[in-house]
**Student:** 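Here it is, the structure in full.
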Amino acid sequence: MSTKEKLPALKLEGQERKAFLSAFIGWLFDYYEIFILTFLLIPIAKEWGLSATQSAWVVSASLLSLAIGGVLFGGLADKIGRRKVLIVTLLVYSLATLARGLAPNYETLLILTVVAGLGLGGEYGVGQSLVTETLKAGRRGWWSGVLYGGAFVAIMVAALVGGYLLPAVGWRWTFVISGLPALFAFYLRSNAPESEAWEKSKRSAPRRSISEFTKASFIKPFMLCLVAASLYFWAYYGVTTLLPKYLVSSGFSMSQASWWIFFTAFAGLLGCLTSAWASDHIGRRLSLSILMGLAALGGLILYLAGETLLTSAWILVPFFIMYFGSNAATIFASMFSEVFPTRVRSTGLSASLQIARASSAAPPLIASGLIATQGYSIVFMGGAALYGAVALWAWLFPETRGLELHTLDKIAEGREPALDPDGALR
């Protein structure tokens, strides 16, 4: 699309709105799950006498199960459709979350967390595929970014629930209350449209073979997405997962710690909206590179400042810069979904993103060891280096801003060369 062309209005039309809402609600519960766990583990560990390693394994097991769910449900969505799979994943997650409120011991809680993770693993990739295949090209970047921004709304909700509802009702009722709203999403998804692009692809080639996943049209974008997402999630989860526990151990109350997490989510939400807007105006690659560079700068400042600013309001400045910039990961939504052909889009998007998230089960374990011996500053340095790597990796992707779905399919399958926004061949 020429930069001189006028972008279509951002307002969603009927089918677009239904597709967006059905995807948004599931992604919100996905991120809420991970972050509410960081708060719930504090009273659970106290009640059951869990070690720091046992607590970390609950979060890590949840992340690992996301990968399995991502591959399983992503592939299923390419076979039987987006809408059906979104209903199944929500059912798996909500029932497992409700059941955790009745967990009698650590082992049962761990198993139910894995089951919930399987359902959550299929949420984002399948939902984003539906959005990509339903929305008009000129507003796809913005609304894909807003969809991804549900993660930051979820973090803010989790921070408030963890800081205020959890102390009032206890961890068991928090699980039950957290599972109930997911049932409301069934209403939204019962009215969601099926992807016309997927239906057309299914009619043209009813059977898919394993060879689909050995072609360059799948392997190349899969590796591009997997590396980008892995670098990002290692930085993000390494810095953030243990932050509530660290703040509480440093003398903060649960409410104070929750407001810190709320602040990081607020900064992330602003970064999300900024990058979503920029991706449709200056392109996916440039937007991602600039904002991830800012995240690296924020992490570097926090490293150099050490822990001397922990109790000072000034520390909020580099924290804001880091979380504002890092949440340009919003651009992953459109960038990742647009490099796969429709036939394998859900599989590629879901598998690459969720396997990357699963690999980030390691950073909390690594960070816990580093924090114990060297303090939190070294974790910020690691995050800065990884964010910087994402900024550079962004330039390996083709620029897909404003391209129609049929053009994206041709480029992904090698039937048409990739173009820059000004029309020049890449």
Side-chain angles (χ1 to χ4, degrees), residues 34-35 38 52-53 55-56 59-60 63 151-152 155 226-252 257 260-268 270-272 275 288-332 356-396:
I34 299 298
F35 277 85
T38 65
T53 300
S55 296
V59 177
S60 295
L63 292 171
F152 313 117
I155 295 169
L226 180 64
V227 172
S230 296
L231 291 171
Y232 168 73
F233 284 128
W234 271 62
Y236 192 85
Y237 285 118
V239 169
T240 307
T241 302
L242 299 178
L243 193 56
K245 185 176 180 180
Y246 174 74
L247 292 172
V248 170
S249 68
S250 298
F252 284 66
W260 266 68
I261 303 304
F262 185 94
F263 175 80
T264 66
F266 176 72
L270 293 180
C272 158
S275 58
L288 182 62
S289 185
I290 290 173
L291 288 163
M292 284 294 173
L294 277 178
L297 175 63
L300 181 61
I301 294 172
L302 287 167
Y303 167 72
L304 295 175
E307 298 176 21
T308 58
L309 290 179
L310 182 62
T311 57
S312 169
W314 284 106
I315 200 171
L316 294 177
V317 175
F319 257 95
F320 179 87
I321 293 172
M322 183 175 69
Y323 281 97
F324 175 85
S326 68
N327 288 300
T330 292
I331 299 170
F332 287 168
R357 286 181 80 189
S359 76
S360 64
L365 300 175
I366 296 171
S368 64
L370 291 173
I371 293 167
T373 58
Q374 302 182 51
Y376 223 96
S377 294
I378 191 66
V379 176
F380 291 129
M381 182 67 245
L386 292 168
Y387 286 137
V390 178
L392 296 175
W393 191 262
W395 293 95
L396 296 178

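Reckoned from all heavy atoms, side chains included, excluding hydrogens, waters and symmetry mates.
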**Student:** Locate the shortest heavy-atom distance separating Ala384 from Leu300; write the atom from each residue and the value.
**Tutor:** CB-N, 3.6 Å
**Student:** Among residues at least two apart in sequence or on other chains, which ones pass ring pair (Phe, Tyr, Trp, His ring centres under 6.0 Å) with Phe266?
**Tutor:** none
**Student:** Can you check whether Val379 reaches Tyr303 side chain to side chain, under 4.5 Å on heavy atoms?
**Tutor:** no
**Student:** If I compare all heavy atoms of Ala296 with all of Gly388, which pair ends up nearest, and what's the gap?
**Tutor:** CB-N, 3.8 Å
**Student:** Nearest 0.5 Å please: distance from the CH2 atom of Trp393 over to the CE atom of Met292.
**Tutor:** 14.5 Å
**Student:** For Tyr232 versus Val390, what's the shortest heavy-atom pair and its separation?
**Tutor:** N-CG2, 3.8 Å
**Student:** List the residues meeting side-chain contact (heavy atoms from CB on, under 4.5 Å) with Leu386, not counting sequence neighbours, and say none if there are none.
**Tutor:** Leu231, Trp234, Ala235
**Student:** Which pair of heavy atoms, one from Pro318 and one from Ile301, lies closest together, and at what distance?
**Tutor:** CB-CG2, 3.6 Å
**Student:** Are the ring centres of Phe319 and Phe380 closer than 6.0 Å?
**Tutor:** yes
**Student:** Determine the minimum heavy-atom distance between Ala328 and Leu291, stating which atoms define it.
**Tutor:** CB-CB, 3.3 Å
**Student:** Within this structure, what is the CG-CG distance for the pair Asn327 and Leu294, rounded to the nearest 0.5 Å?
**Tutor:** 12.0 Å
**Student:** So, using ring pair (Phe, Tyr, Trp, His ring centres under 6.0 Å) as the criterion, who are the partners of Phe324 when residues are at least two apart?
**Tutor:** Phe320
**Student:** Checking side chain to side chain contact (heavy atoms under 4.5 Å, CB included) for the pair Phe233/Ser359: CA distance, chi angles, key distance, verdict?
**Tutor:** CA-CA 8 Å; Phe233 284 128; Ser359 76; 5.8 Å; no
**Student:** Considering non-hydrogen atoms only, spot the tightest contact between Ser275 and Thr330 and give its length.
**Tutor:** OG-CB, 3.4 Å
